[in-house]
Amino acid sequence: MKSLASRFYGLLLLWLLVCLQLLAQRTQYVVLVVVDGTRYTETFGDSTHANIPIIWNQLRPLGTIYTSFWNDGSTMTNSGHASILSGTREALKNNGTELPHSPSVFEYFRKETGASVKQCWVVLGKSKLQMLAFSTHKEYGSHYGASVKKSPSEYDNLIALENATSVLVNYHPKLTIVNVPAADSLAHDGFLDKYVGAIRQTDTVVASIWNVIQADSLLRDKTTMIVTNDHGRHTTDYTNHGDQCEGCRHLMLLIVGPDTPAGVIDPSMRKQVDIAPTVGRLLGFGTPYSVGTMLESAIIKNQR
């Protein structure tokens, strides 16, 4: 009896400690911003950071960046976005006709918390990415899916920003993913100057999303923003992507929020599938089918 009682009180103490850790966290909202198809060499890997001056000079000091962050799965748009959301290495058709097979953070969150569909949003960007709303997984699926904000001009960064602003201000969702599309599209078209110009515009878009968050009384000081890529581009050919070369695999990652240490550079090798369990930890839900590992350096030590 004494052994059973000791075990019970031990488990109760552990549960209380976990609850206290979650209460210590301030994040109540997470916004994932996916800059579609930019190479690391045009973003964090450029020593001058000429294309991302606001991200580098204003946002980076507020949070943690990862300089060895990789997509080690399929380096295509739909697969990359799905891998970010699910924490698994999805390999999907790239035309939007195949749904993810593993549950996303939207599905995990809604099933565990009972949150409504308006608390989770896919903000576009590219129309084919509406497939991110839910998976085919038998334990999750459409019943736990996200709302979708479509774009009337799917490759326009500024309309993606308008969509994101509208969703954040009007719905205050707990969990949002935003696709910022133009750089990938213009690179595929073979316009180097326009591709680089789109990255510079993305710099402003990302900063604007952060400013929207900080200007909102509900979101301010309670939102973690994660900025990354779905894939890069070929090391020697900016017009395309899809293989395992360094240019396609090496991505940028910036995390800014109330639970993330400021001014940190993490050089350890981390992977795209690590984002989903980190989001789960920040919002207090499990990601049982994820194969990723939580980004420990993204959460202040005394809040773990």
Side-chain angles (χ1 to χ4, degrees), residues 27 29-71 80-81 84 123 125 156-165 168 176-187 193-216 219-221 223-233 238 247 250-267 270 272 274-275 278-279 282 295 297-298:
T27 297
Y29 310 90
V30 172
V31 178
L32 289 156
V33 182
V34 183
V35 180
D36 204 316
T38 59
R39 277 188 308 204
Y40 190 79
T41 49
E42 275 88 59
T43 56
F44 287 0
D46 172 17
S47 61
T48 70
H49 308 107
N51 301 322
I52 53 165
I54 307 175
I55 291 174
W56 189 259
N57 296 317
Q58 297 182 28
L59 295 181
R60 176 190 56 83
L62 301 178
T64 297
I65 68 166
Y66 296 79
T67 56
S68 186
F69 186 71
W70 302 83
N71 175 343
H81 281 78
I84 289 168
V123 177
D156 190 316
N157 280 349
L158 296 182
I159 292 181
L161 172 60
E162 290 177 8
N163 286 343
T165 301
L168 292 172
T176 307
I177 188 169
V178 182
N179 169 250
V180 186
D184 182 65
S185 174
L186 291 168
D193 56 338
K194 292 183 179 180
Y195 161 62
V196 172
I199 299 174
R200 293 174 177 168
Q201 186 183 59
T202 294
D203 185 52
T204 302
V205 168
V206 171
S208 296
I209 291 173
W210 182 247
N211 289 338
V212 168
I213 291 167
Q214 296 310 306
D216 188 277
L219 301 176
R220 182 175 58 248
D221 300 327
T223 301
T224 293
M225 183 173 74
I226 299 173
V227 182
T228 189
N229 312 113
D230 49 347
H231 56 76
R233 315 204 70 75
Y238 77 94
H250 197 179
L251 312 176
M252 68 174 178
L253 177 62
L254 165 69
I255 302 179
V256 183
D259 299 302
T260 300
V264 173
I265 299 175
D266 187 339
R270 300 311 299 260
Q272 195 174 55
D274 296 338
I275 290 177
T278 305
V279 172
L282 286 165
L295 297 163
S297 57

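Values reported hereafter were calculated over all heavy atoms of this structure, with side chains retained and with hydrogens, waters and symmetry mates removed. For reference, positions follow the sequence shown, starting with 1.
- Summarising the geometry, atom CG belonging to N229 is positioned 8.0 Å from atom CD1 belonging to I84; distances are rounded to the nearest 0.5 Å.
- The side-chain heavy atoms of V227 and W210, taken from C-beta on, include no pair separated by under 4.5 Å.
- Side-chain contact between H81 and V34 is present, with heavy atoms from C-beta onward closer than 4.5 Å.
- Under the rule for a side-chain contact (heavy atoms from CB on, under 4.5 Å), the partners of P53 that lie at least two apart in sequence or sit in another chain are N57, D203.
- In this structure the side chain of Q214 never reaches within 4.5 angstrom of the side chain of L219, judged on heavy atoms.
- Take A262 and apply the side-chain contact (heavy atoms from CB on, under 4.5 Å) test, not counting sequence neighbours, and it matches no residue.
- Defined by atom type and a distance below 3.5 Å, a donor-acceptor pair is present between the side-chain atoms of D259 and T27.
- Nearest heavy atom pair, residue L186 against residue A198, reads CD1-CB, 3.8 Å.
- A donor-acceptor contact shorter than 3.5 Å is absent between the side chain of R60 and the backbone of L254.
- For S297 against D266, the heavy-atom pair with the smallest separation is OG-OD2, 2.6 Å.
- The structure places CG of N157 at 11.0 Å from OG of S208, a figure rounded to the nearest 0.5 Å.
- Using modelled atom types, one side-chain atom of T260 and one backbone atom of A298 make a donor-acceptor pair closer than 3.5 Å.
- Note on ring orientation: taking the six-membered ring where Trp is involved, the planes of F69 and Y66 are tilted (angle from 30° to 60°).
- Here the options are T176, I213, T223, the test is side chain to side chain contact (heavy atoms under 4.5 Å, CB included), and the partner is Y29; only T223 passes.
- In terms of modelled atom types and a separation under 3.5 Å, the side chain of H250 and the main chain of T67 share a donor-acceptor contact.
- Between M225 and L59, the shortest heavy-atom contact is CE-CD1, 4.0 Å.
- Between T202 and T38 there is no side-chain heavy-atom pair separated by less than 4.5 Å.
- A side-chain donor from one of E42 and Y195 sits under 3.5 Å from a side-chain acceptor of the other.
- Looking at heavy atoms from C-beta onward, D230 lies out of side-chain contact with N71 at the 4.5 angstrom threshold.
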